[in-house]
Amino acid sequence: MDVNAAVAAVAAIAGVLTGVIATLAFRFSEREQRRPTRTSLHTDPVLPPGVDTVLSVLRSSAVVLDEADGVVKASSAAYALGLVRGGKLAVEPMLKMARDTRRDGEIRQVELDLPRRGTGRGEALAVSARVAPLGSRLVLLLVEDLTEARRIEAVRRDFVANVSHELKTPVGALSLLSEAVMDASDDPEAVERFAGRMQIEATRLTNLVQELIDLSRVQNDDPLEDAEPIRVDELVAEAIDRCRHAAGTKEITMAAGGTADLRVWGNRGQLAAALGNLVENAVNYSPARTRVGIAARTVAQPGGDLIEIAVTDQGIGISEKDKERVFERFYRVDPARSRATGGTGLGLAIVKHVAASHGGEVTVWSAEGQGSTFTLRLPEARAARDRAHQMSHRDDTEDLDGEAGRTSHPSPHSSDSSAYEIPSPEVLP
C-alpha cells in the first residue's frame, strides 16, 4: 500500500508540473506573438498623428529618419536638393547630426555649403540644417535653402561698400585740392590749375549722386503710370545730341538709321536716359575717328511686336567673363578708362532696370577688339497699350467678381525664347 501510495503521489506531482510547464509555455508563446518584429517596425505607420500633414505645409525641406537611419518621410524639396538618394540621407554631416541627436536628444543646428546637383561649375548651395528628436525613435531634419538670401546680402554689402568708395574718392580729392589752393594763394597759375581740378571732381560727384537718385527712382517708381506713346526717332535724336560734344572731341561719327516712325509705350524721361546711357558708353569706350551707329527696327512676336534699338560701336569690346557682369551696379570693364571719362558704373544698371520696368530687356553682343552692340528691346506702343488696356479690363472684371485686381506689365518674355537671339552687330553707313 505504501508503495502504491508513493507511486500515486509521484504521478500526481508530475501531472501538476506538466500542467504548470504547459501553461507557462502557452503564455510565453502568446507574448512572443504580440511582440512587434523588426520588419513590422518599418512597414507599419510610425509617424505620430498629424506630423505628415504638418511636414507637407512647411517651406523647409523635411526628412524623418528612423533608428536605423532609414528615411521614413521626405518632402519633394528634400529630393530636389539632393538630400535623399536611394532611401538614405546622402549628406554625411547631416547624418552625423541625426545620430548624435538620437543618442542624447539634443537639438542641433548648423549651416553648410552643399554641391549643386547637375552643374559642373563648382557652385554651392548654402543651407541651414536643424535636427530634433521626434518621439522616442524618430529624428526630424529640417533644411532651409539660404542661397538666395546670401546672394542678396552680398549684393547689398557690395553696393554699400561701392557707394562709400565712390563717394569718398571725389570728396577726398576736393578736400586735398582746397588745401592746395589755400597754400598756393600767391600763385595765380597754381590756383587756376587746382580750381579746374576741383570743378572736374565736383562734376564727377554731382553725376554720381544724380545717377544714384536715378537708379533709386527707376527701381521704386512705376513708369507705366504716366506712360505715353513716344517716337523712337525723338529718343535717338536726344541721345545723339546729349553725346555730340564728346563725340566731336574724339572725331567720332554718330549715324542713325533703321526703320522710321516707330513708337514705344512708356515714360519718356526714363527711356531717354536709358538710350542716352548706351550711346554715351559707346562714345566713351570707342577710339578716336571711329563710328557709333543707332538703328531701330520692328520684330514681330506672337504676343505683340517689339521695337529693337541697337547701339553699335567699334570700341575695345567686352570679354566673355565681363559680359555676365556689365549690368551690375558699379562694375566697370576698364576701371582706368572709366575714371578718365568720369564714369560711375551705374549707367548700364539703370538701363537694365528701365528696360525691365517697361516690359522689355537689354542684351549685349561683343567681341574683344571688334566692338559691342547693346540692344534695347521694348514693346511697340500699340501692342503695349492694347495689352495694358486688356489687363486693366480684366482686373476690373475680377474686382466685380470679388477677386483682388492685379496690375500686370507687358513683357516680351511670354513668347518663344528662341526669338530673342542676339543678332550680330550692324555697323551703319
Side-chain angles (χ1 to χ4, degrees), residues 116 119-124 147-148 150-166 169 204 207-208 211-212 214-215 218-219 239 243 246-247 250 252 273-288 290-295 308-356 360-377 417 420-427:
R116 190 187 297 268
T119 63
R121 296 179 294 177
E123 298 179 351
T147 306
E148 184 64 16
R150 290 265 188 94
R151 188 192 67 81
I152 294 175
E153 176 61 22
V155 170
R156 185 196 65 80
R157 185 171 56 250
D158 291 345
F159 179 74
V160 173
N162 287 327
V163 168
S164 302
H165 174 74
E166 295 293 339
T169 300
R204 178 176 299 173
N207 292 338
L208 175 60
E211 290 199 351
L212 284 172
D214 293 341
L215 180 60
V218 300
Q219 286 179 322
C243 304
K250 300 174 66 174
I252 293 177
L275 185 57
N277 286 344
L278 292 180
V279 177
E280 185 175 11
N281 276 359
V283 171
N284 289 339
Y285 285 90
S286 292
T290 55
R291 187 186 303 270
V292 171
I294 306 99
E308 286 189 350
I309 309 173
V311 179
T312 304
D313 63 59
Q314 298 172 318
I316 60 176
I318 306 172
S319 65
E320 287 295 328
K321 65 180 182 65
D322 288 325
K323 280 195 291 187
E324 298 179 359
R325 303 190 59 189
V326 290
F327 296 103
E328 295 180 10
R329 291 170 289 190
F330 295 109
Y331 186 79
R332 297 181 177 94
V333 174
D334 187 348
R337 178 169 298 207
S338 295
R339 194 172 296 111
T341 59
T344 63
L346 292 174
L348 291 180
I350 293 175
V351 175
K352 176 183 176 181
H353 285 288
V354 169
E361 65 174 355
V362 59
T363 57
V364 58
W365 177 95
S366 186
E368 292 185 271
Q370 299 182 28
S372 305
T373 296
F374 286 85
T375 303
L376 185 62
R377 293 186 176 90
S417 59
Y420 294 94
E421 295 179 356
I422 302 174
S424 58
E426 175 186 1
V427 180

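Any value given below was found using the heavy atoms of this structure, including those in side chains, with hydrogens, waters and symmetry copies removed.
The nearest pair of heavy atoms linking Thr373 to Thr375 is CG2-OG1, 3.8 Å. The shortest heavy-atom contact between Asn277 and Gly347 is ND2-O, 3.4 Å. The shortest heavy-atom contact between Lys323 and Glu320 is NZ-OE2, 3.0 Å. Scanning both residues, Gly276 and Cys243, for their nearest heavy atoms gives O-SG, 4.2 Å. Heavy atoms only, all atoms of each residue included: Ser366 and Gly371 are closest at OG-O, 3.2 Å.
Checked against salt bridge (Lys or Arg N to Asp or Glu O under 4.0 Å), Arg150 has the following partners two or more places apart in sequence or in another chain: Glu111, Asp113. Residues passing the side-chain contact (heavy atoms from CB on, under 4.5 Å) test with Glu148 are Arg151, Ile152, sequence neighbours excluded. Not counting sequence neighbours, Thr290 has no partner by the side-chain hydrogen bond (donor to acceptor under 3.5 Å, both in side chains) test. Residues meeting the salt bridge (Lys or Arg N to Asp or Glu O under 4.0 Å) test with Lys352, sequence neighbours left out: none. Residues forming a side-chain hydrogen bond (donor to acceptor under 3.5 Å, both in side chains) with Asn281 (at least two apart in sequence, or on another chain): none. Take Ala247 and apply the side-chain contact (heavy atoms from CB on, under 4.5 Å) test, not counting sequence neighbours, and it matches Ile252, Met254, Val283. Residues passing the side-chain contact (heavy atoms from CB on, under 4.5 Å) test with Glu153 are Arg156, Arg157, sequence neighbours excluded.
When side chains are defined from C-beta on, Ile294 does not count as touching Thr312, because their heavy atoms never get closer than 4.5 Å. A heavy-atom distance below 4.5 Å is found between the side chains of Val311 and Leu275. The shortest distance between side-chain heavy atoms of Ile318 and Tyr285 does not fall below 4.5 Å. Phe374 has its side chain out of reach of Val351: every pair of non-hydrogen atoms, C-beta onward, lies at least 4.5 Å apart. Trp365 has its side chain within reach of Gln370: a pair of non-hydrogen atoms, C-beta onward, lies under 4.5 Å apart.
Using modelled atom types, no side-chain atom of Asp313 and backbone atom of Val292 make a donor-acceptor pair closer than 3.5 Å. Side-chain N or O atoms of Gln314 include one that pairs as donor or acceptor with a backbone N or O of Arg291 at under 3.5 Å.
Exactly one residue among Val364, Val326, Val362 makes a side chain to side chain contact (heavy atoms under 4.5 Å, CB included) with Leu348. That residue is Val326.
To the nearest 0.5 Å, atom CD of residue Glu368 and atom OG of residue Ser319 are 5.0 Å apart.
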